[in-house]
Amino acid sequence: MHKILDVKQLSKDIKSMTVSAPEISKRAKPGQFIVLRIDEKGERIPLTINDFDVKTGSITIIFQEVGKTTRKLGMLKKGDFLIDVAGPLGHPGRVEKLGTVVCIGGGVGAAVIYPEARALKEIGNNVLSIIGARSGDMIILEDKMRKISDELFITTDDGSYGRKGVVTDPLKEILTKKKIDLVIAIGPIIMMKFVCLMTKQFNIPTIVNLNPIMVDGTGMCGSCRVTVGNEVKFACVDGPEFDGHLVDFDELAKRNARFAEEEKKSSYEFKKELCRCKKDS
Amino acid sequence: MQKRLLMPEQLPQDRIKNFNEVALGYTEDQAVAEAKRCLQCKKAPCMPGCPVEIDIPGFIELIAKRKFSEALNILREKNNLPAICGRVCPQETQCEIVCTLKKKGEPVAIGRLERFAADWGRKNRRQTTDHRPQTTGEKPRAAVIGAGPAGLTCAGDLAKTGWKVTIFESLHAPGGVLRYGIPEFRMPRDVLDYEIEYVKNLGVEIKTNIIVGRTVTIEELFDAGYKAVFIGTGAGFPYFLGIPGENYNGVYSANEFLTRANLMKAYKFPEYDTPIKVGKKVAVVGAGNVAMDSARVALRLGAEKVCIIYRRSRSEMPARAEEIHHAEEEGIELNLLTLPIEIIGDDKGWVKQMRCLKMKLGEPDDSGRRRPVKIDGSEYLEDIDTVVIAIGQGPNPLLLSQTSGLKLNKRGNIVADDITGETSLEGVYAGGDIVTGAATVIEAMGAGKRVARAIDNGVNSKHEARNTKQYQMTKI
């Protein structure tokens, strides 16, 4: 059992949760993830470790409430418990001094990019960051990202905050003006795909962090297989970071929709259940 | 009486609609009658056939005398998991094949009797004798990695000799393949839980959600004071066919398919949160026990037609005869001498068809089985919407890649001594599927048992001095 030490609302439906996990906090590195289960009937879901603190023996995860599991997670409060937290899983991100690195976080992807951007900054890189979201109320970690970035660009689809547009707009300007050594892009599949298409034109190495459907997260089931450069890889143990120019994003998008119908049903049943509870109380 | 007593079973038309156990077990009277068939041979040929060294005539004689509790005691002396072995051991190729009765008729149903005694104990809440050592002599701590058949056996046996054992399990529940792989209709979860509880009652601590290699390393286990480490991580890495289309939606590894259904209880979706999607026409590629389990799970999840696709013929099928029999009874079709060469999908990425070739048997290959040879021009398309790949599992490289100095063979399995389980690293032992490649539950248990003995004995004379000094091992 893992005690929830803190919950923060970061935006409309994005929350950060700090959980007691001393063993994991000792070993966690940027880019790695955990698998958690809320309760006995819960599913196992992978979530990237956003932060870790050995002193308090805790890790922080950030999640967007989209389906039943993340909604249930979002309903938990400080002092509640998670039945299972396992990790840290996956290979850590490569943190090297390269020169100038562009770190792109789309939506809740900003939570994933943050620890990596911070590590890259700490080791002496010039870090240019771009965070994007559909609208201003979905932008997260702006202050934290600003602190560790030499420059921060914010884009929103609807222009309600930062500049109107998508993350590839400022990226294009940066790539045209400056010599960039590496781009890291983490966010929706469609965003990563278009970032990679662009960086390929400029011939800039690009790393993406993938979040396919997983069960165990330890290489046992192959649910998370992705095609990378014509080879089949398991994102949980071979990744989650890959050379973005080699990833078959279209296949990944299709595979991530495998259980769309079931997820809908699950969410629907859950909402019904919640309504019933409200009426009863 | 040349024939053994049949064990009652759920009827095929009923059982394909539920996940309850298929075989129902003997009643007391049936067990006694079957036990009485045993000739009590002086030189019991059945005993050397048992990888965990059970006193087979001994426990059967006690059943014949209706001393069920005592019979279970004899089983538990050697076997920490009799209710499991009684269900999934291939007795027909181990103890029963050498039974004297087999010369004239059917062998004693040793497995069914083992199952009976274990179930009797559970149902009657009868505790067996405490097999823990009575002495309070301090023995060191041992770490066991993986709470599957090998790990549970090794841990239980070490605990019986006085070691303080901790099992580290990567999943959220112990049992390994018994939990994620074998379906409930072959291994009810209350039976599994009960057997694991027995091991815990021997003093074994089980820590779940610890991925050795990630959460903690083997080196750190030694630093933390463990004097011996047993690796029993099994064969948890699924093989795929390597044919085009394998990443289409609707293609599962057997591991994924079974883990969703068994460990995560996806068959109870949406009550349980983990989904599983099974179409109308399911093809299971492979013909081992895992393939049979996958096929039968698919049927219970509502598939209209389930077929096994296997490139060799019936006599080469690696599954137990009983499993094939049960599968066929339930209506699973066997598509033999058939090789899938491509999976075809629709524009949304879902499986639609499978392109197959017909095969014929040629000369024997390295395994001694006749090699399947393609028949030219036999290509055809089969309409399919779900594919489960059950062609075997290899060693999961996660722990192995994080443990430097651990010698592996070409297939990626750990190189370990057949008897003692010693690896290239001092104090590190291995056994079960991680050493042999995918095999049976009982073989893994046998390895766990042998290694426990080796650890407790201090391995061998050559290393004894070193071990005694370094690991303060106590000799028995």
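Residue numbers start from 1 in every chain, and the chains themselves are labelled A, B, ... in the order their sequence lines are given, proteins ahead of strands. Predicted model, so just to flag it, every value in this text is computed and none were measured.
The contact between B/Glu271 and chain A is made by backbone and side chain atoms together, counting heavy-atom distances below 4.5 Å. Only the side chain of A/Phe234 comes within contact range of chain B, with at least one heavy atom under 4.5 Å from a heavy atom of that chain. Contacts between A/Ser223 and chain B at a heavy-atom distance below 4.5 Å involve backbone atoms as well as side-chain atoms. Proximity to chain A involves both the backbone and the side chain of B/Asn247, based on heavy atoms less than 4.5 angstrom apart. Contacts of A/Lys72 with chain B are made by side-chain atoms alone, with heavy-atom separations under 4.5 Å and no backbone atom involved. Proximity to chain B is limited to the side chain of A/Gln32, based on heavy atoms less than 4.5 angstrom apart. Looking at A/Ile213, only its side chain comes within 4.5 Å of chain B, counting heavy atoms on both sides. Contact of B/Leu171 with chain A is made through backbone and side chain together, with heavy-atom distances under 4.5 Å. Using a 4.5 Å cut-off between heavy atoms, B/Phe257 makes no contact with chain A at all. Heavy-atom distances place the side chain of B/Phe269, and not its backbone, under 4.5 Å from chain A. Only the side chain of B/Glu220 has a heavy atom closer than 4.5 Å to any heavy atom of chain A. B/Thr259 touches chain A through its side chain: at least one heavy atom from C-beta onward sits under 4.5 Å away, while N, CA, C and O do not. Looking at B/Lys348, only its backbone comes within 4.5 Å of chain A, counting heavy atoms on both sides.
In this structure a side-chain-to-backbone donor-acceptor pair under 3.5 Å is missing from A/Ser267 to A/Gly67. Checked by atom type and distance alone, the side chain of A/Asp84 never pairs as donor or acceptor with a backbone atom of A/Arg37 at under 3.5 Å. A donor-acceptor pair is defined here as one N or O able to donate and one able to accept, closer than 3.5 Å; no such pair exists between the side chain of A/Arg94 and the backbone of A/Ile207. For the pair B/Arg189 (side chain) and B/Met187 (backbone), a donor-acceptor distance under 3.5 Å is present.
Ranked by non-hydrogen atom pairs under 4.5 Å with chain B, the options A/Cys221, A/Gly217, A/Ala86 are led by A/Cys221. Interface check for chain B: of the options A/Glu261, A/Arg255, A/Glu273, the most heavy-atom pairs under 4.5 Å are formed by A/Arg255. Note: A/Val215 leads A/Val215, A/Ile45, A/Asp248, A/Asp250 in heavy-atom pairs under 4.5 Å with chain B. Counting heavy-atom pairs closer than 4.5 Å to chain B, the top residue among A/Glu251, A/Glu23, A/Glu263, A/Lys254 is A/Lys254. The most heavy-atom pairs under 4.5 Å with chain B, out of A/Gly222, A/Pro88, A/Ala21, come from A/Pro88. Among B/Gln393, B/Arg260, B/Glu246, B/Lys268, the residue making the largest number of heavy-atom pairs under 4.5 Å with chain A is B/Arg260. Among the candidates B/Asn255, B/Ile276, B/Thr217, B/Thr208, the residue making the largest number of heavy-atom pairs closer than 4.5 Å to chain A is B/Asn255. For chain A, the option among B/Gly250, B/Gly236, B/Pro270, B/Gly213 with the highest count of heavy-atom pairs below 4.5 Å is B/Gly236.
The CD atom of A/Glu96 lies 9.0 Å from the CG atom of A/Leu120; values are rounded to the nearest 0.5 Å. One finds the CG atom of A/Asp6 at 6.5 Å from the OG atom of A/Ser16 (value rounded to the nearest 0.5 Å). How far CE of A/Met214 is from CD of B/Glu256: 11.5 Å, rounded to the nearest 0.5 Å. Atoms CD and CD1, from B/Glu169 and B/Ile211 in turn, are 9.5 Å apart once rounded to the nearest 0.5 Å.
Using a 4.5 Å cut-off on side-chain heavy atoms (C-beta onward), B/Leu152 and B/Ile167 make contact. At a threshold of 4.5 Å between non-hydrogen side-chain atoms, the residues B/Ser170 and B/Arg214 do not count as touching. In this structure the side chain of A/Asp216 never reaches within 4.5 angstrom of the side chain of A/Val35, judged on heavy atoms. When side chains are defined from C-beta on, B/Lys265 counts as touching B/Glu184, because their heavy atoms get closer than 4.5 Å.
None of A/Val226, A/Leu210, A/Thr227 except one satisfies the side-chain contact (heavy atoms from CB on, under 4.5 Å) rule with A/Val247; the exception is A/Leu210.
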